[in-house]
Amino acid sequence: MFRTRVVEILGNETSPGKVTVMGWVRTKRDSKAFSFLELNDGSCLANLQVVADAGIPGYEEGVMPARTGASVKVEGMIVPSQGQGQRWELQAVKVELLGAAEEDYPLQKKGHSMEFMRSIAHLRPRSNLFGAVFRVRSRMAYSIHRFFQERGFVYVHTPIITASDCEGAGEMFRVVTMDGEVVKTGEEEFFGKPTYLTVSGQLEGETFACALSDIYTFGPTFRAENSHTSRHASEFWMIEPEMAFCDLLADMDLAEAMIKFLVSDALEACAEDLGFFNQFVDKGLLERLKFVRDRSFERITYTEAVDLLKASGEKFEYPVEYGLNLQSEHERYLTEKHFRCPTTVYNYPKEIKPFYMRKNDDGKTVAAMDLLVPGIGEIVGGSQREERLEVLRANLAEHGLDESHYDWYVDLRRYGTVPHAGFGLGFERLLMFVTGVANIRDVIPFPRTPGAADF
RNA sequence: UCCUCUGUAGCUCAGCGGUAGAGCGGGUGGCUGUUAACCACUAGGUCGUUGGUUCGAUCCCAACCGGAGGAGCCA
């Protein structure tokens with residue numbers, strides 16, 4: 001089957017002449033003597049306008065029954081459009097109906113609510129919005145690999161089924177086998193011990209960084225948290241670079257460079273789709289993305305942030321106090337009202353951070369950092385890892401963890417330990433930031449949230 | 001897990017203590033180089049479920065179920 005993609009046709013300076021195009025009908029306007037078909041093949045946001053004169057081969061069988069949602073094959077000439085609104089149009093010489101759409105095709109030409117679109121997740125990529133979202137998602141995945149590969153990072157596939165529990169990362173899904181309706185436990189466990197779906201590849205990533213220097217992971221992660229918000233999903237994708245011979249400063253530099261790289265690439269490679277978001281989803285999107293691309297980010301220590309929030313005069317629902325976690329409202333104030341740009345907060349009190357983060361010399365804080373962006377909040381969380389054997393052991397004990405569960409992790413500090421650091425970036429949150437789409441369910445093809453695992 | 005909002009036609013919503021309406025979508029016909037086309041006609045609903053109050057409930061009350069938003073936790 002040979003076809004020309006719509007994106008190739010519409011980008012032409014001169015007519016490509018005779019082409020065959022296949023796609024889905026977005027809308028059709030009939031008159032007595034001819035029909036206009038808006039054809040979309042997903043290769044770009046724009047449709048190709050097809051002009052089909054009554055009487056051409058396939059008009060009765062191909063064009064007339066082709067209502068919204070139908071798939072068609074059109075052969076014809078690309079000619080300059082007589083009408084307003086498009087440069088090129090396809091003057092059809094032959095139309096073939098590939099697949100009719102039944103009368104109850106749910107996508108209308110008019111806008112639908114996001115809730116309804118979620119209920120038809122198998123059809124929503126055929127809409128302008130979701131087509132654009134998922135083209136951008138694909139491009140950003142590609143760009144992430146490019147960013148790291150160009151910098152000499154090695155891509156590591158950390159396991160999805162894991163026996164390790166990356167402490168502090170939340171509730172986990174158990175992986176079990178069944179005997180009929182009975183879950184096999186104890187001696188019967190498939191792996192001989194309890195296993196889970198991974199909540200993070202970080203600990204395994206550290207082992208590879210302590211061999212290949214600079215590595216990254218990029219894969220699905222799972223959290224069994226019962227959280228109902230627009231920013232949480234039970235299954236999501238995460239990018240986790242880990243670097244040997246690296247401290248917190250270089251870690252923050254990398255996180256910021258990565259955000260800038262991705263935003264810059266999106267602005268260039270996804271201009272049409274971002275323009276659509278800017279018009280219909282978030283009027284300030286392009287301005288904000290250009291700002292992020294061109295300006296430097298703010299950096300502030302946790303202690304400075306607490307002082308700043310206390311002195312702000314702003315009324316918060318939750319108290320600002322050294323030693324307490326920054327609440328969403330506090331993060332939002334910093335990044336949306338005070339600095340009005342992405343902000344990295346670092347050096348958090350050790351009590352509110354997990355065991356693997358490196359203790360600072362002040363004895364009170366750890367070398368942790370969160371990169372906050374306007375509208376989303378935390379998009380990156382990272383730290384320099386504790387590389388000193390005795391300090392790590394003490395941390396495990398302080399957190400009430402059994403060292404025997406982490407023997408392989410502790411080994412890294414026994415055999416040629418090195419300063420190292422890394423971070424985790426939520427892929428869907430990045431996409432929310434880049435597209436302006438407000439709900440995480442709308443930037444992942446088939447979202448899994450508590451109580452919902454359709455499709 | 002907690003708090004708030006919400007559930008009427010395929011979709012988006014209006015409505016009212018006396019058993020329902022619009023726009024879009026669908027169907028039929030017409031018309032026009034149209035472009036969220038236009039015009040006319042037409043078919044669609046046990047008003048989320050179960051109880052209760054009432055002469056009478058889609059409307060008031062309760063519980064449950066579903067959806068959404070926020071908090072916490074995090075990415």
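By convention in this document, chain letters (A, B, ...) are assigned in the order of the sequence lines, proteins followed by strands, and residues within each chain are numbered from 1. All values below come from the heavy atoms of this structure, side chains included, with hydrogens, waters and symmetry mates left out.
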How long is the line joining OH of Tyr348(A) and P of rC74(B), in whole Å? 11 Å
Looking across every strand, which nucleic acid part, if any, lies under 4.0 Å from Glu38(A) by heavy atom: base, sugar-phosphate, or nothing? base
Whom does rC5(B) pair with, Watson-Crick or G-U wobble, provided both distances fall under 3.5 Å? rG67(B)
Over all strands shown, is Ser230(A) touching base, sugar-phosphate only, or nothing at heavy-atom distances under 4.0 angstrom? sugar-phosphate
Plane angle bin for Phe218(A) and Trp237(A) - parallel if under 30°, tilted between 30 and 60°, otherwise perpendicular: perpendicular
Ignoring backbone atoms, establish whether Ser113(A) has a side-chain N or O less than 4.0 Å from OP1 or OP2 of rU12(B). yes
What's the CZ-P distance between Phe218(A) and rA75(B), to the nearest Å? 16 Å
Of the nucleotides rC31(B), rG69(B), rG27(B), which one has an atom closest to the side chain of Glu103(A)? rG27(B)
Determine whether any donor atom in the side chain of Gln86(A) lies under 3.5 Å from an acceptor atom in the base of rU34(B), or the reverse, and answer yes or no. yes
Say we look at rC73(B) and rA14(B): how far apart would their P atoms be, to the nearest angstrom? 36 Å
Ignoring hydrogens and geometry beyond distance, is a side-chain donor-acceptor pair present between Ser35(A) and Asp30(A) at under 3.5 Å? yes
Taking rA75(B), rC11(B), rA37(B) as options, the one with an atom nearest any side-chain atom of His112(A) is rC11(B)
Does any N or O in the side chain of Tyr302(A) come within less than 3.5 Å of the main-chain N or O of Gly323(A), such that one atom is a donor and the other an acceptor? yes
Atom-pair distance (CG on Asp30(A); P on rG30(B)), nearest Å: 12 Å
Give a yes/no answer on whether the side chain of Ser227(A) brings an N or O atom under 4.0 Å of OP1 or OP2 in rC74(B). no
Tell me what Glu115(A) touches on the nucleic acid: a base, only sugar-phosphate, or nothing, going by heavy atoms under 4.0 Å. sugar-phosphate
If you check the Arg441(A) side chain, which of rC11(B), rG69(B), rA75(B) turns out closest? rG69(B)
Do the side chain of His232(A) and the base of rC74(B) come within less than 3.5 angstrom through a donor-acceptor pair of N or O atoms? yes
side-chain contact (heavy atoms from CB on, under 4.5 Å), that's the test. Do Glu242(A) and Tyr216(A) meet it? Break it down for me. CA-CA 6 Å; Glu242(A) 192 72 33; Tyr216(A) 69 105; over 6 Å; no
In whole angstroms, the gap separating P of rG72(B) from CG of Leu326(A) amounts to 11 Å
Has Arg429(A) got a side-chain N or O lying under 4.0 Å from the OP1 or OP2 atom of rC74(B)? no
Hey, are Asn128(A) and Arg26(A) close enough side-chain-wise for a donor-acceptor pair under 3.5 Å? yes
How close or far is atom P of rC74(B) from atom CD1 of Ile239(A), stated in whole angstroms? 20 Å
Whole-Å distance between rA75(B) C1' and Asn439(A) CG? 15 Å
Taking only N and O in the side chain of Ser328(A), is any of them less than 4.0 Å away from OP1 or OP2 of rG72(B)? yes
For the P atoms, the ones on rU4(B) and on rC16(B), what distance do you get once it is rounded to whole angstrom? 26 Å
Below 4.0 Å: OP1/OP2 of rC74(B) and any side-chain N or O of Asn325(A): yes
So which nucleotide does rU12(B) pair with, by the Watson-Crick or G-U wobble rule with both distances under 3.5 Å? rA22(B)
Once you apply a heavy-atom cut-off of 4.0 Å, does Ala33(A) come out as touching a base, just sugar-phosphate, or nothing? nothing
Integer angstrom distance from the C1' of rA43(B) to that of rG29(B): 15 Å
Glycosidic conformation of rG44(B), syn or anti, with 90° from 0 as the boundary? syn
Counting any heavy atom closer than 4.0 Å, what does Tyr318(A) reach on the DNA or RNA strands: base, sugar-phosphate only, or nothing? sugar-phosphate
Side-chain heavy-atom pair Ser81(A), Trp88(A) within 4.5 angstrom cut-off: no
What does Asn226(A) touch in the nucleic acid at a heavy-atom separation under 4.0 angstrom: a base, only the sugar-phosphate, or nothing? base
With the side chain counted from C-beta on, respond yes when Val292(A) and Ile259(A) share a heavy-atom pair under 4.5 Å apart, and no when they do not. yes
Could you tell me the separation between the CG atom of Leu123(A) and the P atom of rC11(B), rounded to a whole number of Å? 14 Å
Is any side-chain heavy atom of Glu314(A) less than 4.5 Å from a side-chain heavy atom of Leu309(A)? no
Would Tyr406(A) and Phe355(A) count as a ring pair (Phe, Tyr, Trp, His ring centres under 6.0 Å) here? Give the steps. CA-CA 11 Å; Tyr406(A) 298 91; Phe355(A) 75 94; 5.1 Å; yes
Using a 4.0 Å heavy-atom cut-off, does Arg332(A) contact any base of the nucleic acid, only the sugar-phosphate backbone, or nothing at all? sugar-phosphate
Distance-only donor-acceptor test, Gln108(A) side-chain atoms vs rG23(B) base atoms, 3.5 Å: no
Trp88(A) CH2 to rG33(B) C1', straight-line distance once rounded to whole Å: 18 Å
Does OP1 or OP2 of rG66(B) have a side-chain N or O of Arg118(A) closer than 4.0 Å? no
When you compare rG26(B) with rA68(B), how far apart are their P atoms, in angstrom units rounded to a whole number? 27 Å
What nucleotide, of rG70(B), rA68(B), rU12(B), holds the atom closest to the side chain of His228(A)? rG70(B)
If I pick the C1' atom on rG25(B) and the same atom on rC5(B), what distance separates them, to the nearest angstrom? 28 Å
Starting from the 5' end of RNA chain B, give me the residue, Ala452(A) or Gln327(A), whose nearest nucleotide shows up first. Ala452(A)
Report yes if at least one side-chain N or O of Arg67(A) is closer than 4.0 Å to OP1 or OP2 of rG25(B); otherwise report no. no
Separation of the C1' atoms in rG44(B) and rA36(B), to the nearest angstrom: 23 Å
If the C1' atom of rU42(B) is compared with that of rC61(B), how far apart are they to the nearest Å? 41 Å
Classify the side chain of Gln49(A) and the base of rU34(B) as holding, or not holding, a donor-acceptor pair under 3.5 Å. yes
Roughly how far apart, to the nearest Å, are rC39(B) and rU19(B) at atom P? 33 Å
State whether the aromatic ring of Phe236(A) stacks on the base of rA75(B), taking stacking to mean ring centres under 5.5 Å apart and ring planes under 30° to each other. yes
When both hydrogen-bonding distances must be under 3.5 Å and the geometry is Watson-Crick or G-U wobble, what is rC60(B) paired with, if anything? rG52(B)
In the structure shown, which nucleotide is the Watson-Crick or G-U wobble counterpart of rG72(B), with both distances under 3.5 Å? none
Is any side-chain N or O of Arg231(A) under 3.5 Å from a base N or O of rA75(B), one able to act as donor and the other as acceptor? no
Using a heavy-atom cut-off of 4.0 Å across all strands, would you classify Glu240(A) as base, sugar-phosphate, or nothing? nothing
Does the ring center of Phe153(A) lie less than 6.0 Å from the ring center of Tyr155(A)? no
Contact under 4.0 Å: Thr27(A) side-chain N or O vs rA37(B) OP1/OP2: yes
Side-chain N or O of Arg26(A) less than 4.0 angstrom from OP1 or OP2 on rU34(B)? no
Which part of the nucleic acid does Ile440(A) contact within heavy-atom distance under 4.0 Å: base, sugar-phosphate only, or nothing? base
